[in-house]
Structure formats: structure tokens, C-alpha cells
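Report on the following structure.
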Amino acid sequence: MIEAGKPATKLKSEAVQVLLERGLINQCTDLEALDTKLSEGPVTAYAGFDATAGSLHVGHLMPLMTLRWLQRLGHRPIVVLGGGTSQVGDPSFRNEARPLLEQQQIAANIAGIRRSVERLVDMSGQDGALLVDNAEWLNEFKFLEFLRDYGSQFTVNRMMSFDSVKSRLDAHVPLTVLEFCYMMLQAVDFLELSRRHDCTLQIGGSDQWGNIVNGVELGRKGDGRQLFGLTVPLLTTANGSKMGKTAAGAVWLHPEHLSPFGFWQFWRNTADADVPRFLRLFTDLPISEVDRLSTLQGAELNEAKKILATQVTNIVHGPEDARAALEQGDALFAGGQELAEPTHRMDIAQLAEGLGLLELVVAAGFAGSNGEARRLVEAGGVRLNGIVVEDPRRRIASGDLLAKERLALAVGKRRKALIAFD
RNA sequence: GGAGGAGUGCCCGAGUGGCUAAAGGGGACGGACUGUAAAUCCGUUGGCUAUGCCUACGUUGGUUCGAAUCCAACCUCCUCCA
């Protein structure tokens, strides 16, 4: 047995070697056999994403990075969008049911998710990654057929033994049959993909382990076929908290949910202790470079953080946005506001109509409501062009604009915006 | 099927008629200190067109001048009995 996280002595495949050194492997159903398979030729691997929101967030980055590496090493990724499973809602490790999504909402969400996926894996060409929607087959099932064909392959005893539902059961929070069947659907997905596309590996977050194992077992029972499951580690910060939340909510990958600069800032603000790990997980930088950056100490680590931020932004948003974000960061934190691209744009007509400071703070995404903005202002956390403003009724006038009709707005030490009025 | 108990804000948890937008803790955010880090200390933590108004204590109704708190029905969970 190969231990995840430890340097293995005799690895056959480059893929497992790379994933291990990147820290992308948490658990595998049979790492040794998978290693062999990956060394023998191209393998098709998939990761699925439900359409619970209009954008993926940083937590989804790890399975995507795993697919990215596999593709780079000659294997073929499939990304499954959960148009079908989103109608059910995965109960794994959740203590309450997800609100049910409308078809229309699911379709809109899928569009947003697709955009990020396309940047992380290469969809072009004949051998490019594949994007499929599990509604394609899940929507076709008739209830009785489904029960007979697949329900017979699962036992409730086994299904209840998974940790993903155990906590729910133990907490005595109702788990509906609808939700309980989610793991069956995901298992069927895997079987379906193995049949349609010869897909033999599923990758997911560690919370997906139960669902993945069910798929692997269904492949064995149903088709006598060996399938593999691989989970990536749960993303936590050095403080032990679940990573990916900020004041404004999740750290989204879609630019309409979080600006590329906001995204860059998130990584720039990484805690010291997380830098080496994040460089390995979320960038394409060679390990030698990661190691070099990881030796930096104290304030020097800030350079490594900038590299981290720029690299991840490059992968998620592209080189132009990454470069712009880096420049914006330098400009906003070291002066020189004229040099960089603005982070926000607003209609200059709004100034004439009367624009309050609070509205501006909300418009910049630094507060979710006027009330929150008011509190920030009253606490002395808001600066206009570098000067603390404590009057919540302060209006923005054309006299506040710097060169090029710009305005520098800052909330706290790390959230800054360069707003252009045109 | 019967008897009893429980369901509180992002999370945990106190509160059993007005002083409750609701103790305390966690988390998050802001301030001080720093390196846009960590630790520590202090503060804030429902919304609004804001000396007022609206929304909120499982759901829906009711009693009352006034309800998270009392009553009824319903939903979910727990315990005991059948």
C-alpha cells in the first residue's frame, strides 16, 4: 500500500508521482493498482460539480487542478456538470437539506460553472477534455426501472454506514429518501461514464468519498470492472478553519461573482504557514521553484505570496487579468494609483445624482448592506484617497476625484479599490 | 397508536408574557501592534429612504394593550409505553 503524502519508493506512473508531490491525494481506493494503470496508457478521469451556485469557488480548485495535471501528463479529463444530481442535492456531511433548485436556476448555474472549467482544463481538439451533463442520462430513468436495475445493487445497510450520512443520522436531523438516494445517482454517473467514455477514475473532495466508493462498487458488481476513486484533501487554512470564505462570502472563480483583483487579493492574504502548501496545490510552478519560494522567511515571504496570487489568478482568469491584478496590488499598496488599471468602474453620472460614501463601499463589494458599510465607517475602517472618513453621511463629489477621474477606496488594511468614473 | 421532552441569530447555546434585535462562546469583520502574516488586546456583528419603521426565535393560526415566552393545529427529532 502506498501511503498518501509520503514519498513512495517505487512509483510506476508519473501521474501518481506528481499528484503525491503536489499534495493532491488524500485517499484512493487502490493507489497501487491505479499507479500501474496510469503507467500503462492514457486513462480517462472525471470530476463532477453540482450546479448549486452560479460559480465554482476555491474549494473546487483542487479536483480541477488534479484533472489539469492528469491532462498535462497525457490522460483525458471529463468534467461532469450535475444538471441531474442538482435536482436532488448531495446530503454528504450536511446537517440540513439543501434547498431544491429550479430547472431554470440549474441551467443558469451550469453556464457560470462551465466558464471556469474551460479555463482549467483544455477542451479544444479531438482529444480535449469532455464536458457532459448527467441530466443526459439521469433524466431518462423510469422509477421502477431504476429501482430494479440499480436499487437492487445497493443495500441500505451499506449506505447507512458511510460517515457522510452518519453524522446526519446521529444528529437526528431528518434525511429524506430523496437526499439519501443521491449517492446512488452519483454511483450511476460513474458507471454510465465508464460505459460511455471508458472512464475509470473519479476524483472528488474528501467529502465525496462515500459517493465515489459507491460508484466503484457499482462498477464491480454491475460490469465486473475495476474503477478507481481518488479524493483530494479538504482545504483548510493553517488555523484549521475551512478555507474559502471571506467577508463578502465564498471566494468565487467567476469574475462576475468576484473580480480578478479580489481573487488575487485573497491569495495575496494567505497566512505565512500556508504558502508552501498552496504553491504546490494551486500553481503549476515546478516543485524546485516552490521549494525555493518556501525557504523565504518573514517579510520576504510577501514576494512568494505575490507569486502565488499571480499564478493562481493566471490559471483561473488568464494572464491579462493576472498581470493587471499584480499591478493593481502594487499600485494600491505602494502608491502610484495612476499606473494601474482601475479595479472598479462606475458611471460618472452617479456623482451628479449624488453618491453617498456608504453606497460606494457597497458598490465596491466591501459591505453587503448600507448598515454594514455604516459600521465600517463609524469604526474608522474606511479610507477615501488614503484619508480616514468617519462620517457615514459623507457624499462623494467630483472634487474627491484624483487624476484620471479616479478614486481610491480602502476598507481595512487589505481591501482596496481603485474606482474609475467614466 | 399513547405519554412526555425538544426545534432560538452564520454556528453552538441562554432565555418561559413587557427592561429582548434576544446573555455567553465560536466564527467573521474593523481598530491598535506588524510584513496586506501569526499571536495578543479593544470594538462591531438583522435590514431600511433611520431619534422612526420593517423582518426574526420549526410552520400556520389564536389569546393579550403587549408573545421567543401562553393556547391550538401541523412538521421534524428524542425518550418511554403499546
Side-chain angles (χ1 to χ4, degrees), chain A residues 91 93-97 99 165-180 236-251 261-279 293-294 296-310 313 325-336 340 343 353-359 361-362 364-384 386-393 395 408-418:
Chain A
F93 297 100
R94 298 198 124 234
N95 266 329
E96 59 187 41
V165 295
K166 234 184 213 163
S167 64
R168 181 79 160 268
L169 263 22
D170 289 348
H172 306 301
V173 178
L175 175 67
T176 63
V177 171
L178 175 76
E179 297 173 274
F180 192 50
T236 54
T237 65
N239 305 325
S241 59
K242 214 186 262 177
M243 173 181 155
K245 296 276 183 200
T246 67
V251 180
F261 178 63
F263 184 80
W264 186 89
Q265 272 295 302
F266 168 78
W267 295 100
R268 172 62 252 268
N269 286 318
T270 299
D272 288 7
D274 285 326
V275 172
R277 194 160 55 100
F278 287 2
L279 281 168
L293 291 169
S294 300
L296 296 176
Q297 292 295 319
E300 284 194 330
L301 248 181
N302 284 333
E303 284 312 308
K305 290 181 190 181
K306 279 193 204 177
I307 291 170
L308 169 69
T310 308
T313 307
L326 175 63
E327 282 169 14
Q328 286 165 342
D330 283 343
L332 284 168
F333 286 89
T343 59
E353 287 163 19
L355 176 66
L357 176 62
L358 301 185
E359 291 170 67
V361 171
V362 172
F366 294 157
S369 67
N370 274 7
E372 190 185 344
R374 174 182 299 272
R375 274 177 244 124
L376 288 169
V377 170
E378 284 170 351
V382 175
R383 264 161 301 163
L384 202 56
I387 297 159
V388 175
V389 180
E390 293 194 61
D391 178 10
R393 283 164 310 188
R395 314 298 297 176
L409 177 72
V411 170
K413 291 170 297 190
R414 9 178 144 164
R415 292 186 284 170
K416 304 202 181 196
L418 190 55

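Note that these values count all heavy atoms, side chains included, but never hydrogens, waters or copies made by symmetry. Below, chains carry the letters A, B, ... as their sequence lines are ordered, and counting in each starts from 1.
With a 3.5 Å ceiling on both atom-pair distances, the Watson-Crick or G-U wobble partner of B:U40 is B:A32. Nucleotide B:U49 forms a pair with no other nucleotide shown, judged by Watson-Crick or G-U wobble geometry with both contacts under 3.5 Å. Partner assigned to B:C77 is B:G5, using Watson-Crick or G-U wobble distances below 3.5 angstrom. Across all strands shown, B:G66 remains unpaired; no Watson-Crick or G-U wobble contact has both distances below 3.5 Å. Partner assigned to B:A82 is none, using Watson-Crick or G-U wobble distances below 3.5 angstrom. Across all strands shown, B:G24 pairs with B:C12; the Watson-Crick or G-U wobble distances both stay below 3.5 Å. Searching all strands for a Watson-Crick or G-U wobble partner of B:C19 with both distances below 3.5 Å returns nothing. Partner assigned to B:A72 is B:U60, using Watson-Crick or G-U wobble distances below 3.5 angstrom.
Of the candidates B:G30, B:A38, B:U36, B:A38 carries the atom nearest the A:A271 side chain, counting heavy atoms from C-beta on. In the set B:G35, B:G47, B:G30, the nucleotide with an atom closest to the side chain of A:R415 is B:G30. Among the nucleotides B:C77, B:A37, B:U36, the one closest to any side-chain atom of A:K305 is B:A37. Nearest to the side-chain atoms of A:D272 among the listed nucleotides B:A50, B:G35, B:G47 stands B:G35. Out of B:U36, B:U45, B:C48, the shortest distance to the side chain of A:R375 is found at B:U45. Of the candidates B:U76, B:A38, B:U49, the closest approach to any side-chain atom of A:P174 belongs to B:U76.
Following rounding to the nearest Å, A:N269 (CG) and B:A28 (C1') show an atom-to-atom distance of 14 Å. Distance A:L376 CG to B:G31 P: 8 Å, rounded to the nearest Å.
As judged by a 4.0 angstrom heavy-atom cut-off over every strand, A:R374 is placed among the base-contacting residues. Heavy atoms of A:G380 sit under 4.0 angstrom from primed sugar atoms or phosphate atoms, though from no base atom.
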If you restrict it to nitrogen or oxygen atoms, what contacts under 3.5 Å exist between nucleotides 32-34 of chain B and the protein, and what is each distance?
unit_1, atom_1, unit_2, atom_2, d
B:C33, N4, A:K413, NZ, 2.7
B:U34, O4, A:K413, NZ, 3.2

Nucleotides 4-11 of chain B: which of its N/O atoms have a protein N/O under 3.5 Å away?
none

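With no hydrogens or angles considered, no side-chain donor-acceptor pair links A:S369 and A:E372 at under 3.5 Å.
Toward the 5' end of RNA chain B, the nearer of the two residues A:L358 and A:Q265, judged by each one's closest nucleotide, is A:Q265.
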